[in-house]
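Step one of this worksheet: look at the structure below.
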Amino acid sequence: MSHDTLPRPAKTSGRRTPPPDKPSRRRRHWTRRPNPVAGFGALIWLVIVLIPVYAMLSASLTGPDQALTGNPLKPPAQPTLDNYNTVLHSGFWHLLSNTAIVAVAVVGIVLTLCVPLAYAVVRTRDRWSGAAFRLFLLGVAIPAQAVVVPLYLLIAKLDLYDTLLAVILPTAAFAMPVSVLVLVGTLRDISEELYEAMALDGASALRQLFRLTIPLAKGGISTVVIYSALQAWNGFLFPLIFTQSDEPRVLTLGLFNYVSQFGVNIPALLASVVLSGIPIFAVYLVARRALVGGLMGVGGK
């Protein structure tokens, strides 16, 4: 074979193309580019949120005679813990235990009823389940203030007035519509092939619920737990209307202990607000990722 018939190598450009499995330098720079506008907006929002919290903490450390004098954003000249001592020795632990009982009971009722209900809505493909789901969601559009009089008559006929059950049952009922909506959106994201595989193995519907659905729906269940616990912890209308004595009183009604006919003990009131918000805030910090993830799943397929 002559030298002229040898194949010539193909001409290549001087630039080297990056490997297909590695992103180019320009793309990495684009995805990591800072956004100063978003950062500035987040900083402004953080300041807006922290200023009331700081003012509340600062006022809770001042004396009763200094609560309404001076600059509210100025640190207290002589900080004191007497207000917290007053709150802790004024029946705070009794109020806290009642509120915890209400919150735990509401969460238990909501999970016990809403998880099987959402499972039935997702797995039952007929018009009756869809109609029941839409009818159930009407509770989202009904405010508690609109039905407080019928609820009062019902609670009185059942002999539940002035008990913790009078607070637990309505609170759980009004937390269920949103909870079902969250759980249905979460369960619809579970692949149909997983249910078919378990059905081929002979698993019943009850076993599929406990072995497949509940483990894969932890995000939505965590969201429901936090939402219903917040509803129970911060509830004010039902404890105000359906209780009267000190025995079933909860934290939101305990704030009235610092309101008298002649004035308001503002530092003690704010100290009570701070102490009552610590437990539920700690729960939120632990499960905030699951809360956001579960709410994002509401608009699922």
Side-chain angles (χ1 to χ4, degrees), residues 52-53 56 60 83-84 86-114 139-180 223-261 263-284 287 291:
V53 177
M56 180 176 64
S60 67
N83 301 311
Y84 291 92
T86 300
V87 171
L88 293 176
H89 290 82
S90 300
F92 175 80
W93 299 112
H94 175 70
L95 301 174
L96 181 64
S97 62
N98 283 345
T99 308
I101 291 173
V102 171
V104 172
V106 168
V107 170
I109 293 174
V110 169
L111 289 182
T112 303
L113 297 179
C114 290
V140 178
I142 300 176
Q145 293 82 356
V147 295
V148 69
V149 174
L151 280 176
Y152 176 83
L153 297 176
L154 183 62
I155 291 294
K157 283 188 174 293
L158 293 175
D159 267 343
L160 296 178
Y161 183 76
D162 204 23
T163 63
L164 288 180
L165 276 178
V167 180
I168 293 171
L169 296 180
T171 304
F174 277 89
M176 286 178 64
V178 175
S179 301
V180 170
T223 303
V224 169
V225 169
I226 297 174
Y227 171 76
S228 55
L230 283 173
Q231 293 294 105
W233 197 272
N234 298 326
F236 178 76
L237 180 63
F238 294 146
L240 178 65
I241 301 298
F242 300 147
T243 61
Q244 184 178 9
S245 62
D246 293 336
E247 186 65 25
R249 182 167 292 188
V250 295
L251 281 172
T252 50
L253 289 184
L255 300 178
F256 282 109
N257 293 336
Y258 312 104
V259 180
S260 64
Q261 182 180 358
V264 181
N265 190 348
I266 295 179
L269 179 64
L270 294 180
S272 177
V273 172
V274 171
L275 292 176
S276 62
I278 290 176
I280 199 67
F281 182 67
V283 173
Y284 171 76
L291 175 64

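Note that the structure is a prediction, hence the values are computed from the model and not measured.
Shown here for Gly277 and Ile280, the closest heavy-atom pair between the two residues is O-CG2, 3.5 Å. When all heavy atoms of Arg249 and Gln244 are compared, the pair lying nearest together is NH2-O, 4.1 Å. When all heavy atoms of Ala232 and Thr171 are compared, the closest pair comes out as CA-CG2, 3.8 Å. The shortest non-hydrogen separation linking Tyr227 to Phe174 is OH-O, 4.5 Å. Between Phe242 and Tyr152, the closest heavy-atom pair is CE2-CA, 3.5 Å. Looking at every heavy atom in both residues, Met56 comes nearest to Val273 through SD-CG1, 3.7 Å.
Using modelled atom types, no side-chain atom of Asp162 and backbone atom of Pro248 make a donor-acceptor pair closer than 3.5 Å. Proximity of a side-chain donor or acceptor of Trp233 to a complementary backbone N or O of Ala100 within less than 3.5 Å is not detected. Ser272 places no side-chain N or O within donor-acceptor distance of the main-chain N or O of Ala268, the cut-off being under 3.5 Å.
Thr99 has its side chain out of reach of Thr252: every pair of non-hydrogen atoms, C-beta onward, lies at least 4.5 Å apart.
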Using atom types as modelled, flag every donor-acceptor pair under 3.5 Å from a side chain in residues 103-110 to any protein atom, sequence neighbours excluded.
none

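Annotation for Phe281: atom CZ does not count as buried by contact number, only 12 or fewer foreign heavy atoms lying within 6.0 Å.
The CG atom of Leu169 lies 6.5 Å from the CG atom of Leu160; values are rounded to the nearest 0.5 Å. We find the CD-CG distance between Glu247 and Leu164 to be 8.0 Å, quoted to the nearest 0.5 Å. With values rounded to the nearest 0.5 angstrom, Thr243 atom OG1 is found 11.0 Å from Ile155 atom CD1. Here the straight-line distance linking atom CG of Leu269 with atom OG1 of Thr86 works out to 12.5 Å at 0.5 Å rounding.
When the side chain to side chain donor-acceptor pair (under 3.5 Å) test is applied to Ser60, the partners found at least two apart in sequence or on another chain are Tyr84. Applying the side chain to side chain donor-acceptor pair (under 3.5 Å) criterion to Asn234, with sequence neighbours excluded, gives no partner residue.
When each of Val87, Leu96, Leu251, Leu270 is tested with Leu275 by the rule side chain to side chain contact (heavy atoms under 4.5 Å, CB included), just one qualifies, namely Val87.
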Q: Tell me, with the steps shown, if Leu95 and Val250 meet side chain to side chain contact (heavy atoms under 4.5 Å, CB included).
A: CA-CA 5 Å; Leu95 301 174; Val250 295; 6.0 Å; no

Q) Can you check side chain to side chain contact (heavy atoms under 4.5 Å, CB included) on Ile168 and Phe238, steps first, answer last? A) CA-CA 9 Å; Ile168 293 171; Phe238 294 146; over 6 Å; no

